[in-house]
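Okay, structure first, notes after.
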Amino acid sequence: MDFQAPNTLAEQIANYLAERIMTGQIRPGERIQEATLAGELNVSRASVKEALYTLERWHLVDITPARALRRADWTRITPRNSMMCTCTC
């Protein structure tokens with residue numbers, strides 16, 4: 001028997017944002033504002049921040065310290081990275 005824990009709130013947010021990125025609703029280079037997103041989704045900023053770190057690990061967003069968070073530009077992704085991205089999403 002396989003038991004799986006339900007998705008955390010941060011995982012649900014990450015999956016929602018990943019879908020928006022993959023469908024083009026969030027464009028390459030578009031700024032993603034943590035506070036605005038938290039308000040739109042009616043969730044805490046901490047949950048959004050955790051979701052954004054997950055998206056960074058999936059190579060879907062770029063996080064630059066003391067700068068804006070933006071959707072990753074896939075034109076710079078190598079075939080190896082894009083395959084990894086496809087597999088994890």
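For reference, positions follow the sequence shown, starting with 1.
Between the side chain of Glu30 and the backbone N or O of Arg27, at least one donor-acceptor pair lies under 3.5 Å.
Minimum interatomic distance between Leu60 and Ala18 (heavy atoms only, all atoms of both residues): CD1-CB, 3.7 Å. In this structure, Ala14 and Leu55 approach most closely via the heavy-atom pair O-CD2, 3.5 Å.
Distance CG/Leu9 to CG/Leu41: 9.0 Å, rounded to 0.5 Å. Between atom OH of residue Tyr16 and atom CG of residue Leu37 there is a gap of 7.5 Å, rounded to the nearest 0.5 Å. Between Asn15 atom CG and Asn7 atom CG the span is 6.0 Å, to the nearest 0.5 Å. Note that CG of Leu52 and CG of Leu17 are 6.5 Å apart. Values are rounded to the nearest 0.5 Å.
Sequence neighbours left out, not one pair with a member in residues 14-25 passes salt bridge (charged side-chain N to carboxylate O under 4.0 Å, His left out).
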List the steps and the verdict of side chain to side chain contact (heavy atoms under 4.5 Å, CB included) for Val61 and Ile21. CA-CA 9 Å; Val61 299; Ile21 289 170; 4.0 Å; yes
Quiz: residues 43-51 side-chain donor-acceptor pairs under 3.5 angstrom, not counting sequence neighbours:
from  : atom 1 : to    : atom 2 : distance (Å)
Ser44 : OG     : Ser47 : N      : 3.1
Ser44 : OG     : Ser47 : OG     : 3.1
Arg45 : NE     : Glu34 : OE2    : 3.2
Arg45 : NH2    : Glu34 : OE2    : 3.4

